[in-house]
There are 2 protein chains.
Amino acid sequence: MPRLERSPTYRLVFDAIERRILGGHLKIGDPLPTEMELAEQFGVNRSTVREGIRLLEQEGLITRDGGKRPRISAPQYKDLASAASRALVLHAVTFRELWEASMLIEPATAELAAMNIDPVELERLADNIRAMETAVADLESGASFDVEAFVTLDRRFHEILAEASKNRVLMLAHEPVTTLFIPAGRIILPRLKTWRRVLDAHRVIHGYLAAHDAAGAREWMRKPMDDFRRGYALTGLDFDTPLDAAAYAR
Amino acid sequence: MPRLERSPTYRLVFDAIERRILGGHLKIGDPLPTEMELAEQFGVNRSTVREGIRLLEQEGLITRDGGKRPRISAPQYKDLASAASRALVLHAVTFRELWEASMLIEPATAELAAMNIDPVELERLADNIRAMETAVADLESGASFDVEAFVTLDRRFHEILAEASKNRVLMLAHEPVTTLFIPAGRIILPRLKTWRRVLDAHRVIHGYLAAHDAAGAREWMRKPMDDFRRGYALTGLDFDTPLDAAAYAR
DNA sequence: TTTGTCGGAGTGTCCGACAATTGCACAAAT
DNA sequence: ATTTGTGCAATTGTCGGACACTCCGACAAA
């Protein structure tokens, strides 16, 4: 049976506006027409329009900057990444799947980054490494237990690399995976204290990137990831156990 | 300056319900509490609750099955894929980026599939190949110009492979990329008439998968993709021109 | 030039209402 | 006994109207 059903009006509103955006009638940066205008144009109530707008909003097609007029925008990676992360967690994805994908994406990202990185990004990486040096020194000296700072810097390193690859498809694939690694990192790193090894690897990778040595960058990107896998096993966590949903409910 | 701002209430509603889902208080398949209940619990108006629910809905965290009570659900890959595709197109991603990512993901998918594929999926692939045989025969004999059928079968082939990889992260990364390839395929394939080569490659890949030969599968997956890249150039299309948004506004 | 005031526009939130549909229980018919 | 019809309660979808709050530009005052 064809299972006929008609969409609710608020969804039709969403579809209509979406088409206007993708069709180019509403360009990125343009302000969305006022809710009243839309309500009149579509011949529906303002409340209904608002519900349609919420769909657009969650999709990232419009951004609201304070209480003022929303504007059309291209969905941000962050939004998609968090959506993807949520989905993967709810689908009870395992660490093995995550790691397999990461082992694929990260070295390739490093490779492309080696070919396409520009001086500004190299300098940003250098800054990141310097910051991580002090973070590691603090952690090793016991002056601080700020694991979060280290994890954030590590993530930022990979993020800059993804940008440097100049490949937005990879960037998009990259984000959710690193997001899901974070909670695992928070658990593993403090136990194994592999700060120094991570930092060293970052330094070497930075060197390869500066020299535009794709093969080298690729190879060294694998190392900290292998460490990570071993760390996961060493802390007694099982590869094939689904990731814990609760840990991701920020 | 910390740029302080408070989220609108409907977003707080979204956050609250989202946390309940990720925290496991609301399990997948459960019905969402009624709008009235939620309004009372949160101490807000039903309209506000509804706007929050629209956010959940677009996120794919709830599905509405006709006019009845919405149920909690894990976001489907299809939804995420279409969102990602939209985002990439709006970000004016180029064919080069798409192809680079695909050249990374597809062979790896084939490799994993060779290791993890089960008999059912092998049979599904065989069915797909048989269907493509008749499609190609029709196209070559001039009995039909149904390019769409061929493209759909090709897509389905890759989809089965992604499932067979048993890696849901890859599956997720896979979807948007193939989605974006479709319009290009519709243009390229009829001009170059490489149906036969694609079909042959699929046959060979199927053989490698049946033999659980990962290296072979990986290698042969590259071939039709290389064809595709050459085809793109031969039809006069530029690698670094952004994909056409209009072609994706279904 | 900066600061204060004012009104218009627009979003955020609330209230109340009603049609349409679904779910369920119960009676009627085969 | 299974199916079919009926009535009622619950719930969603849509509507209309209302008001507070914020942002913005204009214009006056220091």
Side-chain angles (χ1 to χ4, degrees), chain A residues 1-18 20-21 25-73 79, chain B residues 1-18 20-21 25-73 79:
Chain A
M1 294 288 169
R3 166 115 194 126
L4 52 88
E5 62 176 303
R6 66 176 186 288
S7 305
T9 312
Y10 63 79
R11 187 154 287 279
L12 297 180
V13 170
F14 167 79
D15 290 339
I17 301 179
E18 184 202 22
R20 281 199 207 171
I21 297 175
H25 301 91
L26 283 174
K27 279 183 267 187
I28 293 176
D30 286 356
L32 196 66
T34 69
E35 296 173 351
M36 272 307 215
E37 276 182 87
L38 291 171
E40 283 177 26
Q41 281 185 35
F42 295 131
V44 299
N45 192 273
R46 183 171 155 239
S47 305
T48 307
V49 169
R50 282 177 64 82
E51 294 189 25
I53 289 179
R54 294 299 158 255
L55 299 180
L56 290 169
E57 187 174 329
Q58 192 62 13
E59 198 72 15
L61 271 90
I62 63 176
T63 51
R64 165 184 62 23
D65 201 18
K68 55 186 144 176
R69 193 85 154 273
R71 280 203 303 277
I72 312 294
S73 70
D79 301 335
Chain B
M1 292 287 168
R3 165 131 187 110
L4 51 87
E5 62 176 303
R6 67 175 186 289
S7 304
T9 312
Y10 63 79
R11 187 155 286 279
L12 298 180
V13 169
F14 167 79
D15 290 339
I17 300 179
E18 184 203 20
R20 282 200 205 171
I21 297 176
H25 300 90
L26 283 173
K27 278 183 267 186
I28 292 176
D30 286 357
L32 195 67
T34 68
E35 296 172 353
M36 271 307 211
E37 276 181 83
L38 290 170
E40 282 176 28
Q41 283 185 35
F42 295 132
V44 299
N45 191 273
R46 186 164 83 101
S47 305
T48 307
V49 169
R50 283 176 63 82
E51 294 189 27
I53 288 180
R54 295 300 157 252
L55 299 179
L56 290 170
E57 188 173 328
Q58 191 62 13
E59 199 72 14
L61 265 71
I62 64 176
T63 51
R64 173 185 52 35
D65 202 18
K68 54 186 142 175
R69 198 83 156 274
R71 282 201 309 276
I72 313 294
S73 69
D79 301 335

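In what follows, chains are A, B, ... by sequence order, proteins preceding strands, each numbered from 1.
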In whole Å, what is the span from the OH atom of B/Tyr10 to the P atom of C/dT13? 7 Å

Taking only side-chain N and O atoms of B/Arg69, does any of them lie within less than 4.0 angstrom of OP1 or OP2 on C/dT21? no

Spacing of A/Glu40 atom CD relative to D/dG17 atom C1', expressed in whole Å: 15 Å

Atom CE of B/Met36 and atom P of C/dC14 are separated, to the nearest Å, by 13 Å

Send over the distance from A/Arg71 CZ to C/dT11 C1', rounded to a whole Å. 15 Å

Is the side chain of B/Arg69 donor-acceptor paired with the backbone N or O of B/Leu32 at a distance under 3.5 Å, no angle test? yes

Identify the heavy atoms of B/Pro70 and B/Ile62 that sit nearest to each other, and give their distance. CB-CD1, 4.2 Å

For residues B/Ser7 and B/Leu12, report the shortest heavy-atom separation together with the two atoms involved. CB-CD2, 4.1 Å

So, are B/Glu57 and A/Arg11 salt-bridged, with charged N and O less than 4.0 Å apart? yes

Upstream residue (5' side of DNA chain D) when A/Gly43 and B/Thr34 are each assigned their closest nucleotide: B/Thr34

Of all heavy-atom pairs between B/Ser73 and B/Ile28, which one has the smallest distance, and what is that distance? CA-CG2, 4.0 Å

Please name the pair of heavy atoms, one in A/Arg71 and one in A/Gly29, separated by the smallest distance, quoted to 0.1 Å. CD-O, 2.9 Å

By nearest heavy atom, map B/Arg6 and A/Arg11 onto DNA chain D; which one lands nearer the 5' end? A/Arg11

Can you check the A/Leu38 CG to D/dC15 P distance for me, whole Å? 14 Å

Grab the two heavy atoms, one from A/Gly60 and one from A/Asp79, that are nearest each other, plus how far apart they are. CA-OD2, 4.5 Å

Does anything in residues 50-62 of chain A come within less than 4.0 Å of DNA chain D? Heavy atoms only, and list the residues if so. A/Glu51

Rounding to a whole Å, what distance do you find between B/Leu12:CG and C/dC14:P? 11 Å

Among B/Arg54, B/Gln58, B/Glu59, whose side chain to side chain donor-acceptor pair (under 3.5 Å) with A/Gln58 holds? B/Glu59

Residue pair A/Val13 / A/Phe42: nearest heavy atoms and the distance that separates them: CG1-CE1, 4.1 Å

Taking only N/O atoms, report every protein-nucleotides 16-19 of chain C pair under 3.5 Å with atom names and distance.
{"residue": "C/dA17", "atom": "N6", "partner": "B/Arg46", "partner atom": "NH2", "Å": "3.2"}

In whole Å, what is the span from the CZ atom of B/Phe14 to the P atom of C/dG12? 16 Å

